[in-house]
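We name chains A, B, ... by the order of the sequence lines, and we start the count at 1 in each one. Since the structure is predicted, the reported quantities are computational estimates derived from the model, not experimental observations.
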Protein chains: 2
Amino acid sequence: MPNLVRMGKRVSLKDIAAKVGVSTALVSYVINGLEKEKRVGPEIVKKIREVARELNYKPNQIARSLRKGSTNTIGLIVADIANPFFGQLARIIEDEAARHHYTVIIGSSDENCVKSAALIEALLDRQVDGFIIVPSEGCNASIETLVQREVPVVLVDRFLPDVNANYIVLDNFKATYEAVTHFVAKGCERIAFVAYQSSLVHMQERIRGYRQAMKDHQLEEAIQVKELLYNHAKDFMDNGVSELLTGNQKPDALLFATNALSISGLYAIKNHNIKVPEDMAVIGFDGNEVFDFFYSPLTYIEQPIDQMGKESVRILMEQIKGNHQTVQIELQHRLIQRQSCG
Amino acid sequence: MPNLVRMGKRVSLKDIAAKVGVSTALVSYVINGLEKEKRVGPEIVKKIREVARELNYKPNQIARSLRKGSTNTIGLIVADIANPFFGQLARIIEDEAARHHYTVIIGSSDENCVKSAALIEALLDRQVDGFIIVPSEGCNASIETLVQREVPVVLVDRFLPDVNANYIVLDNFKATYEAVTHFVAKGCERIAFVAYQSSLVHMQERIRGYRQAMKDHQLEEAIQVKELLYNHAKDFMDNGVSELLTGNQKPDALLFATNALSISGLYAIKNHNIKVPEDMAVIGFDGNEVFDFFYSPLTYIEQPIDQMGKESVRILMEQIKGNHQTVQIELQHRLIQRQSCG
DNA sequence: AATATATGCTTAAACGTTTAACCTAGGTAT
DNA sequence: ATACCTAGGTTAAACGTTTAAGCATATATT
């Protein structure tokens, strides 16, 4: 109630109808550009347009949504909107959705499947027309439910192998595979991989790509994967790296599996006064411009984030329109060479 | 229509009412925990609860919003959600709003007042209950309109001097003032300031703080402010800095007015092989962890972004509840000392 | 015995749209 | 004259809630 009092009541179809002296139906037709189809008289059309402008009429989307059963809103669930990777992605999705006259509601799951499920619930209650989701570990059930209920969903950045949902992801296997190959070309042999401990495919694929490449380059015995916990990555990174550096298998190259890991890792490297690339070559994942500030600018695997964002919206729009073919896309990375590999 | 077909129709109050054999009113009361107040019989209460759970009933927030006239949604307009500063801010606001059972819809204005106005319109059409806005240059009119209409608004990061709206911002004057003072303490004399060309108070205050500090330290004749255009900052930064470095007033210290400017600036500095802090001391605004990667980790002015986010939500909630006292808050910065000032 | 009070439930309007169905008057074709 | 269209409108239901108002019945008060 307070809103109505405060905001002096917004003008509705009824107000226009009253002022023009017609029914709300006619006004609705005109507002929605159906005047031909619904055969509204030309003078009336003109009058309605005038009055609508005069009263500064804006349709109430809530009412429209209730009636139409669709809200022109999509829910976007990312791991953390404060993470620049997801921030960029969100921005692209926001713009692309706007082009389709859709609004985006963003939620951060913190890679936590309980939070993720709660977000999905909340967004469903708000009747979003579809979802773009960066799925967390263990959220198979809630995504599966969405798919079952035929709620339009597109997974992005990662997918769930046992859920038959649409997705658009990077070819992660190839990405790390080529990173290792690049290291090898630069003469590295003891290449270690710092990843998150996660059953999610994107991480598993990155690990698999690393392993396979190591094998294919006859470096199988030098394989060394550090899997850190998401929540404790920062705390353990220092120890993790120390361990790596004091072990009997001291690596000459380090591959980081994500943006955040690169940041933490570079800190550790800096603190340990390790020289890049002389003592150790480094490649990161999802690099961004700031990594150029590292004294030896970081060579990194670039994801086609723009394409990922745009396509995810495109696919979702298709699904919302009723196209039920599941779409599953793998995009290719680009290796951006700087100076951290010599 | 397609939604209803696809999603197999969500269960409504009516469905529960029918199954239990009561009116929807009773169900509504029970769902909303008004069974005491509205004197619903204990067995009926139990039955309704059971059936609700059994049918997995979730209230339709759209319908509720239409009826109640409030959506439990707030609109957040930032310059660019892909910018980490705003990403962090958005994240804090998201979490804080969730604690109050509010959902946030984020829009990016690109510092463009037309876009900003369009976003405000779109969010109003969606009947948001209030706004948190990072105002762009020239958007006074649209904000003023909101205030006039008594739509709850809180400006954040910046405010508009001729609009009497709630705001929570940094004491920008003091921030740059103390940065200059810090430079002076480190022995710098020819301190230059790289800012955006903008009439917005936050920028003007930063410039004023710089100027005043320079005056107060008897360095008035060394005052040098470079004001760059938002859209061309990256392009011009290089030239701008070159100019600075070849001019007859070559500075021995550089103060950047924002995060983005620091990034561009550090690039230029790196490209020009300028030694920090020997050749030039540097202080940034809104520094974040990645600046530690610069070969000489950046000393920066830290904004209490957490407090800014939380308080903005708190103030907005007050306003939505009907408290019409305008609240205007200035927060204090912290100077984080690293190595870029010697 | 009459009246008040409490209890437990129903009715129906309202929020602002959309839209199928219906109505009316004039004009055309037969 | 009859039937039939067409143009231009109205009516009212529906979307899913919330909530004021009303209606019984039973119990308590005088």
Between [N] ([atom2]) and [X] ([atom1]): distance, integer Å:
| X | N | atom1 | atom2 | result |
| --- | --- | --- | --- | --- |
| A:Asp15 | C:dC15 | CG | P | 10 Å |
| A:Ile62 | D:dG16 | CD1 | C1' | 13 Å |
| A:Arg64 | D:dC15 | CZ | P | 19 Å |
| B:Leu34 | C:dC9 | CG | P | 15 Å |
| A:Arg126 | D:dC15 | CZ | P | 22 Å |
| A:Arg39 | C:dT24 | CZ | P | 16 Å |
| B:Tyr29 | D:dT17 | OH | P | 15 Å |
| A:Lys14 | D:dT11 | NZ | C1' | 14 Å |

Using a 4.0 Å heavy-atom cut-off across all strands, classify A:Ile44 as base, sugar-phosphate, or nothing.
->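 Here A:Ile44 touches the backbone only, sparing every base.
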Give every residue pair that meets the ring pair (Phe, Tyr, Trp, His ring centres under 6.0 Å) criterion with at least one member in residues 118-165 of chain A, sequence neighbours excluded.
->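 Output for this query lists A:Phe159-A:Tyr167.
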Tell me whether the side-chain N/O atoms of [X] come closer than 4.0 Å to OP1 or OP2 in [N].
| X | N | value |
| --- | --- | --- |
| A:Ser12 | C:dG16 | no |
| B:Asn32 | D:dT18 | yes |
| B:Lys68 | C:dA14 | no |

Most 5' of B:Val22 and B:Leu66 on DNA chain C, judged by nearest nucleotide |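 The answer here is B:Val22.
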Hey, which sits more toward the 5' end of DNA chain C by its nearest nucleotide, A:Thr24 or B:Val40?
->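 So the residue in question is B:Val40.
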With the side chain of [X] defined as its heavy atoms from C-beta on, choose the nearest nucleotide among [options].
| X | options | value |
| --- | --- | --- |
| B:Lys38 | C:dT19, D:dG16, D:dA20 | D:dA20 |
| A:Tyr57 | D:dT19, C:dG16, C:dT17 | C:dT17 |
| A:Arg67 | C:dG16, C:dA21, D:dA20 | C:dG16 |
| A:Leu26 | C:dC9, C:dG16, D:dT10 | D:dT10 |
| B:Ser28 | D:dG9, D:dT18, C:dT10 | D:dT18 |
| B:Ser23 | D:dG16, C:dT11, D:dA12 | C:dT11 |

Could you tell me whether A:Asp95 and B:Lys115 have a side-chain N and a carboxylate O separated by less than 4.0 Å?
->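 A salt bridge is absent here (no side-chain N lies under 4.0 Å from a carboxylate O).
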Can a salt bridge be assigned to the pair A:Arg99 and A:Glu96 using a cut-off of 4.0 Å between side-chain N and carboxylate O?
->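 Salt bridge flag = yes for A:Glu96 with A:Arg99.
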Under 3.5 Å: donor-acceptor pair, side chain of B:Thr145, backbone of B:Ala141 =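 Judged by distance alone, yes, a pair lies under 3.5 Å.
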Partner of A:Gln319 under side chain to side chain contact (heavy atoms under 4.5 Å, CB included), chosen from A:Val153, A:Asn166, A:Thr326 =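 That would be A:Asn166.
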